[in-house]
Protein chains: 2
Amino acid sequence: MTNLSMTIGELARRTNSKVETIRYYEKIGLLAEPVRTAGNYRSYGQDHLRRLSFVRRSRDLGFSLDQVRALLDLALHRDWSCDAVDAIAKEHLAEVDRKIADLQALRRELDSMIDQCGSGSIAQCRIIEALSPKE
Amino acid sequence: MTNLSMTIGELARRTNSKVETIRYYEKIGLLAEPVRTAGNYRSYGQDHLRRLSFVRRSRDLGFSLDQVRALLDLALHRDWSCDAVDAIAKEHLAEVDRKIADLQALRRELDSMIDQCGSGSIAQCRIIEALSPKE
DNA sequence: GCTTGACTCTGTAGTTACTCCAGGGTCCAT
DNA sequence: ATGGACCCTGGAGTAACTACAGAGTCAAGC
């Protein structure tokens, strides 16, 4: 076992977040209070790193903190019925699939713009249409 | 041409947003002021629907309003050099690809949980690990 | 062993992106 | 001609950060 231990600044760097955000997550109970050093500095370990990374990346994917909390609960599925886990997982799966489809549509359009650019000028741009309601 | 025209409430319903959010976007200049009816009601057309849909879905995918503005500018690429369009599009493309990869990892884990549930109970859950830094 | 600069602490105020009233006007089906 | 569902403006409230201020900690170098 790697007995990793880091300061709040290092954790922030590794999870691409701000120091203040980490303290904020601690305050609202999303991240467990870490142990403190003799000088009262927060000291984080591997599980803090994993959990915070999950939170930050989920947020970056457009999930609210409440949804992130639900996903974390799902992850720990402490004494839950399989039916409940199944229902919640399926709901999230549907949303994830929707997001993937939207991102792929956006991706195609960005790609096509870069392509067109390579050949001199941009003939057309449909990135707005990529995320518009299909009629 | 379909000469579509709708109230703010209908636009909200069609774009999965709140009436107040639309008025807020108008206030900060993200959405053009629509024409008004005799009774001072906002009246929206096809392009408002498209643009707002793009904004809402981009937001749902975790882009900030500033990023959305950049994408919209890119979409309209009024008198921009191809180099500029290319650079910005490539930057966004990289981020989009990252997001797709993360969502697919999350998707796999949710899928596997649903699978395990089907066969009685959950043996393991790795959704946190799915979005953790790979060591 | 003392300084100095980068980092941490708590607490509070500011920002972004909405969201929710209050108090009133409009529209239209009965 | 009236009740209910909608719209208007303006302002306050919420979620999720983000940025100080003022003070303490730590390790490197002299």
Side-chain angles (χ1 to χ4, degrees), chain A residues 4-45 48-49 51-73 95 99 131, chain B residues 4-45 48-49 51-73 95 99 131:
Chain A
L4 179 60
S5 155
M6 52 193 152
T7 65
I8 197 168
E10 196 175 343
L11 180 61
R13 213 169 19 71
R14 289 214 211 184
T15 55
N16 201 31
S17 40
K18 300 268 171 73
V19 166
E20 289 88 349
T21 307
I22 299 174
R23 288 198 281 247
Y24 169 72
Y25 285 162
E26 181 182 325
K27 196 160 74 178
I28 63 169
L30 198 64
L31 217 54
E33 294 185 22
V35 291
R36 300 287 184 122
T37 65
N40 201 33
Y41 281 21
R42 290 170 178 81
S43 174
Y44 296 94
H48 283 106
L49 175 60
R51 192 175 165 103
L52 179 57
S53 177
F54 180 82
V55 173
R56 292 308 302 159
R57 290 166 81 173
S58 298
R59 293 283 302 127
D60 185 53
L61 295 171
F63 294 100
S64 69
L65 279 189
D66 273 358
Q67 289 177 308
V68 174
R69 249 187 264 264
L71 282 167
L72 285 170
D73 281 356
E95 189 170 352
K99 287 181 190 230
L131 298 184
Chain B
L4 178 61
S5 156
M6 53 194 152
T7 64
I8 197 169
E10 195 175 344
L11 180 61
R13 214 168 15 73
R14 291 213 209 184
T15 55
N16 200 32
S17 40
K18 300 270 170 69
V19 167
E20 288 89 350
T21 307
I22 300 175
R23 288 198 281 249
Y24 168 72
Y25 285 163
E26 180 182 326
K27 196 160 74 179
I28 62 168
L30 198 63
L31 216 55
E33 293 185 23
V35 292
R36 300 286 184 125
T37 66
N40 201 32
Y41 281 21
R42 287 171 179 82
S43 175
Y44 296 95
H48 282 106
L49 175 60
R51 193 175 164 102
L52 179 57
S53 176
F54 180 82
V55 173
R56 292 307 302 158
R57 292 166 81 175
S58 298
R59 291 286 299 130
D60 185 53
L61 295 172
F63 294 99
S64 70
L65 279 188
D66 272 358
Q67 288 177 308
V68 174
R69 248 187 266 264
L71 282 167
L72 285 169
D73 281 356
E95 189 169 354
K99 286 182 190 230
L131 299 185

Rounded interatomic separation in angstrom, taking NZ from B:K27 and P from D:dG10: 9 Å
Between P of C:dC7 and CD1 of A:I22, the distance in whole Å: 14 Å
For nucleotides 2-6 of chain D, which of its nitrogen or oxygen atoms have a protein nitrogen or oxygen under 3.5 Å away, and what is each distance?
unit_1: D:dC6; atom_1: O2; unit_2: B:Y41; atom_2: OH; d: 3.3

Touch class at under 4.0 angstrom, heavy-atom based, for A:R42 against every strand present: sugar-phosphate
Whole-Å gap separating C1' (C:dT10) and CD (A:E33): 13 Å
Sub-4.0 Å heavy-atom contacts from residues 59-66 of chain A onto DNA chain C, ordered by number: none
Toward the 5' end of DNA chain D, by each residue's nearest nucleotide, A:G39 or B:Y44: B:Y44
Geometric cation-pi criterion A:K18 and A:Y24, 6.0 Å radius, 45° cone: no
B:K18 side-chain proximity, nearest of C:dC20, D:dC8, D:dT18: C:dC20
Test item: B:R56 side-chain N/O and B:T15 main-chain N/O as donor-acceptor pair under 3.5 Å: no
Residue-phosphate contact under 4.0 Å: B:T21 side-chain N/O, C:dT19 OP1/OP2: yes
Nearest-0.5 Å distance that lies between atom OG1 in B:T21 and atom CZ in B:R59: 10.0 Å
Gap separating the CZ atom of A:R42 from the CD1 atom of A:I8, nearest 0.5 angstrom: 5.0 Å
For atom CD1 of A:I28 and atom C1' of D:dT18, their distance in whole Å: 14 Å
Atom pair distance, as rounded to whole Å: OH in B:Y24 and C1' in D:dT14: 13 Å
For residues 32-39 of chain B, dump all side-chain donor-acceptor pairs below 3.5 Å to protein atoms at least two apart in sequence or in another chain.
unit_1: B:R36; atom_1: NH1; unit_2: B:N40; atom_2: O; d: 3.1
unit_1: B:R36; atom_1: NH1; unit_2: B:N40; atom_2: OD1; d: 3.3
unit_1: B:T37; atom_1: OG1; unit_2: B:G39; atom_2: N; d: 3.3
unit_1: B:T37; atom_1: OG1; unit_2: B:Y41; atom_2: N; d: 3.1

Evaluation steps, side chain to side chain contact (heavy atoms under 4.5 Å, CB included), between B:N16 and B:D60: CA-CA 11 Å; B:N16 200 32; B:D60 185 53; over 6 Å; no
Nearest-nucleotide comparison on DNA chain C, the residue closer to the 5′ end among A:V19 and B:E20: A:V19
Selected nucleotide, minimal atom distance to B:R23 side chain, candidates D:dC17, C:dT19, D:dC8: D:dC8
Distance test, side-chain N/O of A:R36 to OP1/OP2 of C:dT10, below 4.0 Å: yes
Expected output: side-chain A:R14 to main-chain A:S53 donor-acceptor under 3.5 Å: no
First encountered from the 5' end of DNA chain D, between A:T37 and A:Y25: A:Y25
Sugar-phosphate, base or nothing in reach of A:R56, heavy atoms under 4.0 Å: sugar-phosphate
Gap separating the OH atom of B:Y44 from the CZ atom of B:R51, nearest 0.5 angstrom: 13.0 Å
Beyond-backbone contact of B:M6 with B:L49, side-chain heavy atoms, under 4.5 angstrom: yes
